Amino acid sequence: MGHKSKSAPRRGSLMYYPRVRARRISGRVRTWPTVSGDPKLLGFAGYKVGTTHLVMIDNRQKSPLFNREAVREVTVLEVPPILVYGYRAYEKTPKGIRTIGEVISKGLPKYADRAVVVPKEYDPAPSQAAIESNLQDVVEIRALAMTQPFKVGFGKKTPEVLEIKVGGSDMNAVLAHAKALLGKEVRAKDLFSEGMFIDVTGVTKGKGFAGAVKRFGVKVQPNWHKHRKGKRVVGAISPSVPHMMFQIPRPGKMGYHQRTEYNKLILKIGDNPNDINVAGGFLHYGLVRGDYLVMQGTLPGPSKRLLRLRLPVRAKKPKIEAPKVLTISLASKQGV
C-alpha cells in the first residue's frame, strides 16, 4: 500500500500581511465615506473604557429572539468633546492629494500648546485666501481637531491631533461648515445617534514576542522527542534560497496592529455617568466622567486606548431602529 498523504488548511490567516506593528498608537483612518447633502463631520474619537453586558429587546425580525429579552456584551467608550482648531484643504495631483493651505484658529486654549505650536504672529488670511481662490481645485476639506483627555479620569494631559473629513456634496457649503466649526467644541451626540452603525479603528493589544503556535495557531508537533526538531515549531520552513517563503509561520512580535471593526451598532448615547459606571469603576480605567457611547460587541485595544470613530463605508443600512435597552449591568468587574 502506498503512503497516504495528509492535507489540512494552512494555519494563520494571510489576510493581514505583513504582521507589522502600528506606526502610531492613535490609529489612522485611510478611507472616508462619500456623503451627499448637508455638510457634516464624518468622524470622531473616544477612549475605550471596558466591557459589560445589558438586557435589551431584540428587534431583528429574522432573529429567533425577536421581541424577546436578549443579553448582549457591550463596550463602553468615553467620548469627551473634541476641539476643532483649524481646517485644511487638499487638491488632487498625479501623486495623490496635496495641501493647498490650512487655517488655524486664534485664541486657542492653553492646553493646546501640548499638541500644536502656533506662531505668535500668525495670520490666517493668506492661507484662507489661497483656499478660496482655488476652491475649484479643492477635492477634500478636513477639520483639524484635538481631543481633550483632561476631561476623562485617567490622568492623560497631552491631546491627540486628528484629521477628520468634512463631507458634503457642495464644496462651498463644506468650506462654510468648516469655518463655522473653527474654534468650537463638537460632541459625539452632534454626529451620532442611537441605532447608527459606525466603523471603529484602533490599535490592538500588544502581546510581545510569540512563537508560531500562539502567533499562527499551528499544531504542536507529535512525537517531537523522537525527531528532535522541536515541540512548538513548524515541520518544514521551506527553502531558504533565494529566500524563505512569506507564508511560513515564524516566531515574531504579535499584536499592536491597527484594525478596523465595521458596522458596530450604537445602543446608547448618554451624558449621565451614573447610568453606566459599574461598582468600583471599570477595570484598569476607573469611572466615566462625561459623555459616553455603548457599542454592541467588542472593540480592539486595551482600556484607555484612543479609538477613531467614522461613519460607515460598508453599511447597507446606515441606521436602524435602536433596540430598547432594559437594564445595563452595573456589577463590579474587579477580579473578573
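Please read these numbers as outputs of a predicted model, since none were measured by experiment.
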Taking only distance into account, with no hydrogens and no angle test, what donor-acceptor pairs under 3.5 Å do side-chain atoms of residues 196-206 form with protein atoms, sequence neighbours excluded?
{"unit_1": "Asp199", "atom_1": "OD1", "unit_2": "Asn263", "atom_2": "N", "d": "3.0"}
{"unit_1": "Asp199", "atom_1": "OD2", "unit_2": "Arg310", "atom_2": "NE", "d": "3.4"}
{"unit_1": "Asp199", "atom_1": "OD2", "unit_2": "Arg310", "atom_2": "NH2", "d": "2.8"}
{"unit_1": "Asp199", "atom_1": "OD2", "unit_2": "Val313", "atom_2": "N", "d": "3.1"}
{"unit_1": "Thr201", "atom_1": "OG1", "unit_2": "Thr260", "atom_2": "OG1", "d": "3.0"}
{"unit_1": "Thr204", "atom_1": "OG1", "unit_2": "Tyr256", "atom_2": "N", "d": "3.2"}
{"unit_1": "Thr204", "atom_1": "OG1", "unit_2": "His257", "atom_2": "N", "d": "3.0"}
{"unit_1": "Thr204", "atom_1": "OG1", "unit_2": "His257", "atom_2": "O", "d": "3.3"}

Show me the side-chain donor-acceptor pairs of residues 236-248 shorter than 3.5 Å, one per line, residues at least two apart or across chains.
{"unit_1": "Ser238", "atom_1": "OG", "unit_2": "Met245", "atom_2": "N", "d": "3.3"}

Counting only pairs under 3.5 Å, give me each side-chain donor-acceptor contact of residues 59-70, with atom names and distances, residues two or more places apart or in other chains.
{"unit_1": "Asn59", "atom_1": "ND2", "unit_2": "Glu321", "atom_2": "O", "d": "2.7"}
{"unit_1": "Arg60", "atom_1": "NE", "unit_2": "Asp58", "atom_2": "OD1", "d": "3.2"}
{"unit_1": "Arg60", "atom_1": "NH2", "unit_2": "Asp58", "atom_2": "OD2", "d": "3.1"}
{"unit_1": "Arg60", "atom_1": "NH2", "unit_2": "Ser63", "atom_2": "OG", "d": "3.4"}
{"unit_1": "Ser63", "atom_1": "OG", "unit_2": "Asp58", "atom_2": "OD2", "d": "2.9"}
{"unit_1": "Ser63", "atom_1": "OG", "unit_2": "Leu65", "atom_2": "N", "d": "3.1"}

Below 3.5 Å, can you tabulate the donor-acceptor pairs from side chains in residues 13-27 to any protein atom, sequence neighbours excluded?
{"unit_1": "Ser13", "atom_1": "OG", "unit_2": "Met15", "atom_2": "N", "d": "3.0"}
{"unit_1": "Arg19", "atom_1": "NH1", "unit_2": "Arg215", "atom_2": "O", "d": "3.1"}

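For Asp291, the side chain to side chain donor-acceptor pair (under 3.5 Å) test picks out Arg187, with sequence neighbours left out. In terms of the side-chain contact (heavy atoms from CB on, under 4.5 Å) criterion, Ala129 has no residue partners (sequence neighbours excluded). Remark: Ser329 engages no residue in a side chain to side chain donor-acceptor pair (under 3.5 Å) (not counting sequence neighbours). The side chain to side chain donor-acceptor pair (under 3.5 Å) search around Lys231 returns none, not counting sequence neighbours. Under the rule for a side chain to side chain donor-acceptor pair (under 3.5 Å), Asn277 has no partner lying at least two apart in sequence or in another chain.
Heavy atoms of other residues, nucleotides or ligands lying less than 6.0 angstrom from NZ of Lys156 number more than 12. Other residues, nucleotides and ligands contribute more than 12 heavy atoms inside 6.0 Å of the CZ atom of Arg11.
Side chain of Tyr122 to backbone of Ile104: a donor-acceptor contact under 3.5 angstrom is found. The main-chain N or O of Val233 is found under 3.5 Å from a side-chain atom of Gln221 such that the two form a donor-acceptor pair. In this structure, the side chain of Lys48 engages the main chain of Leu299 through a donor-acceptor pair within 3.5 Å. A donor-acceptor pair is defined here as one N or O able to donate and one able to accept, closer than 3.5 Å; such a pair exists between the side chain of Glu78 and the backbone of Arg289. Between the side chain of Ser133 and the backbone N or O of Ala130 there is at least one donor-acceptor pair closer than 3.5 Å. Put simply, the side chain of Ser105 never gets that close to the backbone of Gly86: no donor and acceptor are under 3.5 Å apart. In terms of modelled atom types and a separation under 3.5 Å, the side chain of Gln148 and the main chain of Pro81 share a donor-acceptor contact. Remark: the backbone N or O of Ile82 is not paired with any side-chain donor or acceptor of Thr147 at under 3.5 angstrom.
Note on Glu140 versus Arg142: salt bridge recorded, some NZ/NE/NH1/NH2 to OD/OE distance being below 4.0 Å. Taking 4.0 Å as the cut-off between side-chain N and carboxylate O, Lys179 and Glu132 count as a salt-bridged pair. Ion pairing of Glu163 with Arg88 is present here, as a side-chain N (NZ or NE/NH1/NH2) and a carboxylate O approach within less than 4.0 Å.
As a member of the Ile/Leu/Val/Met/Phe/Trp/Tyr network built from side-chain separations under 4.5 Å, Leu326 groups with Val55, Ile57, Val71. Cluster note: Val139 groups with Tyr90, Ile97 through ILVMFWY side-chain heavy atoms spaced under 4.5 Å, whether in direct contact or through intervening members.
The ring pair (Phe, Tyr, Trp, His ring centres under 6.0 Å) analysis of residues 147-186, with sequence neighbours excluded, yields the pairs Tyr47-Phe154, Tyr111-Phe150, Phe154-Tyr285.
Geometrically, Arg314 engages Tyr262 in a cation-pi contact defined by less than 6.0 Å to the ring centre and at most 45° from the axis.
The structure places NE2 of His53 at 10.5 Å from CD1 of Ile328, a figure rounded to the nearest 0.5 Å.
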